[in-house]
Amino acid sequence: MTVSAAEARRLALAAQGFGSSPRGRVTTDRLARTISSMEVLQIDSVNVFERSHYLPLFSRLGEYDTAILDGLLLDPHTPATHIEYWAHEAAFIPVESWPLWQWRMRESRERNERPESWLAQHRKLAHELLARLHSEGPATFSQLEGKRDQRRGSWWDWSDVKTALEYLFEDGVITAIGRTNFQRIYAPVADVIPHHLLDNAVDKPIARRALVLDAVRALGIGVLTDIADYYRFTVAPTKIVLDELLVEGAIKRVAVDGWTHRGENLDAYMLSDATVPARAPKVSTILTPFDPITWNRPRASRMFGFDYTIEIYTPAAKRKYGYYSLPILMDDALVGRIDLKADRKTRTLIVRSAHWEPRRPDNAVERLADIVRRAAAWRGLSSIVVEDWGDAAAELRRVF
């Protein structure tokens with residue numbers, strides 16, 4: 001079976017929840033269902049325009065009250081429906097999926113029990129921190145650490161307390177019940193995860209099968225490396241699972257026009273009962289760099305012809321597109337990128353740069369202007385300033 005490149009794009013966007021949700025008030029239930037279509041909601045600390053985990057919901061649902069999402073994901077006073085773990089990268093996952101990740105936590109604990117491991121050499125500190133969380137209640141690493149008289153280096157230079165907490169987090173011994181000032185609020189897993197989930201660990205082969213199938217469902221269509229990357233699995237065991245799912249009839253193997261490597265067609269996979277949408281979604285929006293549509297750069301290039309690099313760590317003089325440019329999605333095409341900055345003191349949205357891709361709709365400028373207006377309104381910014389960097393910015397300057 002062969003799928004056209006356009007059909008592959010439509011499958012991917014529909015699987016990720018684009019174009020399927022009517023406009024209107026965004027409720028907790030709608031947010032939860034949209035997160036479910038992605039399976040994971042990646043977290044990132046950059047806050048130039050808005051933190052990354054807020055943006056995928058705006059991309060799919062439009063303007064919504066982020067306090068509702070905070071209540072769903074970050075409220076330490078309500079029972080957890082989603083929890084943080086290393087799924088893809090640091091991400092929110094449904095708490096009900098906890099049993100599917102316990103094999104990875106167990107493997108992490110086994111590594112950290114080796115005498116040469118950092119945690120084994122700092123076991124006394126780890127036990128003390130865990131005991132404090134049990135006796136004193138949830139806390140951030142700053143609260144557990146207290147004042148540091150001096151830092152050894154840059155802001156990313158972690159203390160032993162922070163390092164120990166991160167290892168315990170990876171081991172599934174502690175978890176985060178929320179965040180404050182973007183710091184995790186740590187608590188023992190036994191105090192947060194319902195016991196029926198803690199006591200229901202799934203064997204690794206069964207768990208990996210379920211997660212690989214989830215990845216296929218979330219992607220809509222993908223090649224082996226796409227599917228393995230979704231949860232940061234290695235390729236070889238993912239291929240074994242895909243072969244098993246093919247035999248069972250849960251998925252099917254297809255070819256996609258133009259998806260080749262060294263002149264050979266790449267095998268792609270999709271659910272056996274998946275239906276290709278008849279048309280592209282009617283959507284005009286921006287994406288975070290850590291949206292599942294764009295987080296896998298080779299996939300974004302193969303599917304959308306969109307070559308994407310975040311230029312945060314590129315010296316300013318060498319940046320081509322901007323510090324933190326966001327992909328622009330119109331219907332089933334990534335038509336450009338835009339670098340936004342929220343000046344919260346002056347309530348101004350600054351378009352620092354905007355660049356078009358070679359192909360875009362005839363009404364792309366009007367649609368991009370509408371995206372910018374909606375982004376400003378969503379974040380409570382009352383004015384818009386467009387700086388002079390990029391061909392799309394030049395056209396936007398004539399609008400604003």
Side-chain angles (χ1 to χ4, degrees), residues 1-22 30 32-41 56-57 59-61 87-88 93-94 96-97 100 206-233 235 237-261 265-283 285 287 291-296 298-306 329 331-334:
M1 177 180 174
T2 299
V3 174
S4 72
E7 288 174 325
R9 291 193 297 271
R10 298 201 297 266
L11 273 166
L13 291 167
Q16 282 287 311
F18 285 94
S20 62
S21 184
R30 285 183 68 189
R33 283 188 280 112
T34 303
I35 296 171
S36 294
S37 70
M38 295 181 282
E39 301 289 348
V40 290
L41 188 62
L57 287 309
S59 301
R60 288 156 177 80
L61 301 174
H88 190 75
I93 59 173
E96 294 294 328
S97 70
L100 298 178
I206 298 172
R208 186 145 52 189
R209 179 195 180 282
L211 291 168
V212 168
L213 189 59
D214 279 347
V216 176
R217 181 182 299 109
L219 287 167
I221 187 169
V223 302
L224 170 60
T225 51
D226 301 339
I227 296 162
D229 175 72
Y230 209 80
Y231 290 124
R232 291 290 201 255
F233 292 164
V235 167
T238 303
K239 180 64 165 63
I240 292 171
V241 174
L242 288 172
D243 288 342
E244 293 171 351
L245 292 170
L246 284 168
V247 171
E248 295 169 13
I251 64 173
K252 57 187 175 184
R253 184 189 290 117
V254 299
V256 180
D257 288 337
W259 288 19
T260 61
H261 179 65
N265 288 332
L266 292 169
D267 287 337
Y269 304 86
M270 55 189 287
L271 295 180
S272 292
D273 60 356
T275 301
V276 178
R279 58 184 63 85
K282 291 297 182 183
V283 60
T285 194
L287 306 176
D291 192 293
I293 294 295
T294 50
W295 69 25
N296 183 328
R299 173 179 165 84
S301 178
R302 185 189 332 116
M303 181 167 284
F304 297 98
F306 189 76
L329 176 67
D331 304 331
D332 67 344
L334 294 175

**Q** Is a salt bridge present between Asp229 and Arg299, judged by a nitrogen-to-oxygen distance below 4.0 Å?
**A** no
**Q** Which pair of heavy atoms, one from Tyr269 and one from Val216, lies closest together, and at what distance?
**A** O-CG1, 4.2 Å
**Q** About how many Å separate CG of Leu329 and CD1 of Ile293, when rounded to the nearest 0.5 Å?
**A** 7.5 Å
**Q** Measure the spacing between CG of Leu334 and OG1 of Thr294 and express it to the nearest 0.5 Å.
**A**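 Reported to 0.5 Å precision, the distance equals 7.5 Å.
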**Q** Just how far is it from atom CD1 of Ile35 to atom CG of Leu41, taken to the nearest 0.5 Å?
**A** 5.0 Å
**Q** Check whether any side-chain heavy atom of Phe233 sits under 4.5 Å from a side-chain heavy atom of Val241, and report yes or no.
**A**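 Not touching, per the 4.5 Å side-chain cut-off.
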**Q** Any salt bridge linking Lys239 with Asp267? Criterion: basic side-chain nitrogen under 4.0 Å from a carboxylate oxygen.
**A** no
**Q** Under the side chain to side chain contact (heavy atoms under 4.5 Å, CB included) criterion, do Val256 and Leu266 qualify, and how do the steps go?
**A** CA-CA 8 Å; Val256 180; Leu266 292 169; over 6 Å; no
**Q** His261 versus Thr225: any side-chain heavy-atom pair under 4.5 Å?
**A**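 Side chain of His261 against side chain of Thr225, heavy atoms only: no contact under 4.5 Å found.
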**Q** About how many Å separate CG of Leu246 and NZ of Lys252, when rounded to the nearest 0.5 Å?
**A**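 Taking NZ in Lys252 and CG in Leu246, the distance rounds to 11.5 Å.
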**Q** Please round to the nearest 0.5 Å and tell me the distance separating atom CZ of Phe306 and atom CG of Leu287.
**A**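 Between atom CZ of Phe306 and atom CG of Leu287 there are 8.5 Å.
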**Q** Testing Thr285, Asp291, Thr34 for side chain to side chain donor-acceptor pair (under 3.5 Å) with Arg60, which one passes?
**A**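 Going through the options one by one, the only one that passes is Asp291.
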**Q** If you define the side chain from C-beta out and look only at heavy atoms, does anything of Lys282 sit under 4.5 Å from Asp331?
**A** yes
**Q** Taking all heavy atoms of Ala8 and all of Met303, pick out the closest pair and write down the distance.
**A**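 Scanning both residues completely, I find the closest heavy atoms to be O-CE, 3.9 Å.
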**Q** Where is the tightest heavy-atom contact between Ala207 and Leu100, given as atom of each residue plus distance?
**A** CB-O, 3.4 Å
**Q** Pair Tyr231, Ile93 - check side chain to side chain contact (heavy atoms under 4.5 Å, CB included), show working.
**A** CA-CA 11 Å; Tyr231 290 124; Ile93 59 173; 5.7 Å; no
**Q** Which distance, rounded to the nearest 0.5 Å, do you find between the CD of Glu39 and the CG of Leu219?
**A** 10.0 Å
**Q** Are side-chain heavy atoms of Val3 and Arg10 found at a separation under 4.5 Å?
**A** no
**Q** Of Asp226, Ile221, Ile227, which is the lone residue that meets side chain to side chain contact (heavy atoms under 4.5 Å, CB included) with Val223?
**A** Asp226
**Q** For the residue pair Arg208 and Ile240, establish whether any side-chain heavy-atom pair is separated by less than 4.5 Å.
**A**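 Contact flag for Arg208/Ile240 side chains = no.
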**Q** Return the orientation label for the Tyr230 and His88 ring planes: parallel under 30°, perpendicular over 60°, tilted otherwise.
**A** tilted
**Q** Ala218 and Ala15: which non-hydrogen atoms are nearest, and at how many Å?
**A**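 Closest pair (atom of Ala218, atom of Ala15, distance): O-CB, 3.5 Å.
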**Q** Shortest non-hydrogen contact from Pro281 to Gly19?
**A** CB-CA, 3.9 Å
